[in-house]
2 protein chains.
Amino acid sequence: MRRRITSQDVADLAGVSRTTVSFVLNNDNRFSIRPETVEKVRTAAKQLGYYPNASARALASNQTKNIGLIISRAPQYIASDSFLPQIIGGLLDVTKQHSQGLLLEWVEPGQQLETYLELTRSHHIDGMILMTPRLDDTGLKALEEADIPVVLMGHIPGSRLHSVDVDNRAAAEMAVRHLVDLGHTKIACIINAARPYTSASQRLEGYKQALEQALLGYNEYLVREADFDIKSGFLQMNSLLDSSEEFTAVFVASDNVAVGAYAALRDAGLSVPGDISVVGFDDIPLTPFMEPPLTTIRMPAREIAQQSYHLLMRLMKRDYPQNPEVLLPTDLVLRQSTRSLID
Amino acid sequence: MRRRITSQDVADLAGVSRTTVSFVLNNDNRFSIRPETVEKVRTAAKQLGYYPNASARALASNQTKNIGLIISRAPQYIASDSFLPQIIGGLLDVTKQHSQGLLLEWVEPGQQLETYLELTRSHHIDGMILMTPRLDDTGLKALEEADIPVVLMGHIPGSRLHSVDVDNRAAAEMAVRHLVDLGHTKIACIINAARPYTSASQRLEGYKQALEQALLGYNEYLVREADFDIKSGFLQMNSLLDSSEEFTAVFVASDNVAVGAYAALRDAGLSVPGDISVVGFDDIPLTPFMEPPLTTIRMPAREIAQQSYHLLMRLMKRDYPQNPEVLLPTDLVLRQSTRSLID
DNA sequence: TAAAGTTACTAACGCGCGTTAATAACGAGA
DNA sequence: TCTCGTTATTAACGCGCGTTAGTAACTTTA
């Protein structure tokens, strides 16, 4: 294997010092270098095919040029997630523009503290974005006093960490109010995930609040808890159907889960929206192609990703926004999965 | 900000040299260290909350402990991909076990060479897995003589690079033969992506071959080319329906694309499998929940991910398997999207 | 002409760790 | 007592780069 080409080689070829090479290649304009010298260095670097060693650079500059995307979920759940690719896509787009790397990591409940410490203290990354954080995350306090910037994609009440999120509660309320406005009074709910995921508990709150405003009673037997994936939607919808409770509409707090719910309804011989109206949440790419196309809350996934990144960038520059929380708008996308009971 | 804790601090506290600390914490058994010394070092490290600096370690050992997953596609296509999360999930699972990091990267056509050089020469990663490679990838030759291990997830004819793949051609042939066996003679095809993606051209080959074996003529007007995502499936199916060609079955070489095709068929008032039989490819988590459940070729996504990783690990240890190509089995998962024309 | 800038560059240190070659301690054998 | 292995430990170098403090040359001002 041929020897690595270092900046010394470039310096030798260009007939200057290594320092000058560094200044030129990093466009360090605190020092003025004669244009012809710049040219000499540039061509020498190109000629040798010089690429600065990332580790050495990280060590010297204390910047890895990598940011971490941490997913609070096990790989088997990641595999069937339709929302994740949108986030990753949005993130990859913008990280590449800033020639940053994206390091993926998942963390299992109970191991959070150790994982975060390792990631931050070992300095694998310059900053991290924490996806779908859990209320019971045992490592969040440690992150608050970590020496690297952190952005929560999602909100944790009481946390000092900066965050990017939508108003899940308000969005869910909007979804359910839509059903109420159509005359539905018996509205079931399948939340997207277990309560410790804040998006889940907040969406449930929105559901409750919409019922309350409509003077409809909250019936816990009409509520089920899914687990991110399609299958759990299928199972929970069946559980609702098997119960003795009556309902004419369901708010399913995740489109992915709603796909499973659709299947369960079909299997039961019920039509959407003929028998049951459904409103989803997320607006994944699939929803317009479902049968019938799903009325849902649009999550601005790409925007969430990019805003998270930009917020993280600001924090890395020690430029702290006065408001630690960025809230992005959602809206209700009307398609064909609901029908009016009022005529 | 408090000072970083270095191995020197641990050494001081434990009353030994930095070298000893290094030996102990890396379990370097080429040197025998007295058990009580080991203990002293371990407790000192724990007490101080010492985490070795990743960059320094990478620089000294010439190993970053990161592997790269490179996606040959733009972010907007990544966003609606249902296959990617399965690969990522499988990869994350196994990288974590080996305390390796996973660095995500995408590369746009035309920029491959530069991207690969930068990634390998800068030594951001110890090895890379190249997803959905393109035949016209201008950087592959450079990778063959790169100084880091590379695994192709997919096959490039004539490349010396190691690869993990399924036999796309044979799998596609199996899918189409299934339709032939059911009595279909006019079988359309929507391939998953443009020809330069080897999986696309290989699946098309399989389609042709199955027709040939059944003594059915190949009609290029029955073939369309999708673009990975759902919408392209919708558009291409409509294009088939708008043409004057007749067909009773379609082989859609990607489940994701098939979702769009389903929607187009529904919109045209055609039933699956009543009017048109459909066979897909991939077996994404959604397929059992489609209406009707899609008969498809199962891609062992998780296995592909993990085998790719293990192959990469072998290459990193300079342990080169005699056969550069790992082929994984596929099978046809029969569901309810095809019907027999023979009675 | 000397002093005081200004411009263009470099020597040298430090980042934190892995690792080799060398040393010290210690008992066994002669 | 002296030599010869072990065994346990360390001094010191190198990984490749960023960066500060400093030097040399060259121009401007008094």
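Every chain is numbered from 1, with letters handed out A, B, ... down the list of sequences. Note that the structure is a prediction, hence the values are computed from the model and not measured.
Recorded end-axis angle for the helix from C:dT1-D:dA30 to C:dA30-D:dT1 stands at 70°, based on five pairs per end and rounded to 10 degrees.
Mapping A:Ala60 and B:Gly15 onto DNA chain D by nearest heavy atom places B:Gly15 at the nucleotide closer to the 5' end. In terms of position on DNA chain C, the residue among A:Arg18 and A:Ser32 whose nearest nucleotide sits closer to the 5' end is A:Ser32.
A salt bridge is defined here as a Lys NZ or Arg NE, NH1 or NH2 lying under 4.0 Å from an Asp or Glu carboxylate O, and B:Asp81 with B:Arg73 meets this definition. For the pair B:Asp136 and B:Arg134, the salt-bridge criterion is met [side-chain N within less than 4.0 Å of a carboxylate O]. B:Asp93 has a carboxylate O that lies under 4.0 Å from a charged side-chain N of B:Arg302, or vice versa, which qualifies the two as a salt bridge.
No hydrogens or angles considered: a donor-acceptor pair under 3.5 Å links the side chains of A:Glu325 and A:His155. B:Ser122 and B:Glu118 are linked by a side-chain donor-acceptor pair at a separation below 3.5 angstrom, with hydrogens and angles left out of the test. In summary, the side chains of B:Asn26 and B:Arg57 do present a donor paired with an acceptor at a separation below 3.5 Å, with no hydrogens or angles considered. The closest side-chain donor-acceptor pair between A:Thr19 and A:Ser22, if any, does not fall under 3.5 angstrom. B:Thr115 and B:Gln111 form no side-chain donor-acceptor contact under 3.5 Å, judged by distance and modelled atom types alone.
Backbone-only contact: B:Ser7 has heavy atoms under 4.0 Å from sugar-phosphate atoms and none from a base. Among the atoms of the strands shown, only primed sugar atoms or phosphate atoms (P, OP1, OP2) are found under 4.0 Å from some heavy atom of B:Thr37. Counting any heavy atom pair closer than 4.0 Å across all strands shown, B:Thr6 reaches sugar-phosphate atoms only and no base atom. Within the nucleic acid shown, B:Ser22 comes within 4.0 Å of at least one base atom, counting heavy atoms only. Using a 4.0 Å heavy-atom criterion, one finds that A:Thr20 contacts the bases of the nucleic acid, with or without backbone contacts as well.
Nucleotides of DNA chain C with any atom under 4.0 Å from a heavy atom of chain A span, from 5' to 3', C:dT7 to C:dG16.
Panel note: side chain A:Gln47, backbone A:Ala45; no donor-acceptor pair is recorded below 3.5 Å.
Nucleotide D:dT6 holds its P atom 19 Å from the CD1 atom of B:Ile33, rounded to whole Å. Protein atom NZ of B:Lys40 is 13 Å distant from nucleotide atom P of D:dA8, rounded to whole Å. We find that CZ of B:Arg34 is positioned 10 Å from P of D:dT10, with the value rounded to whole Å.
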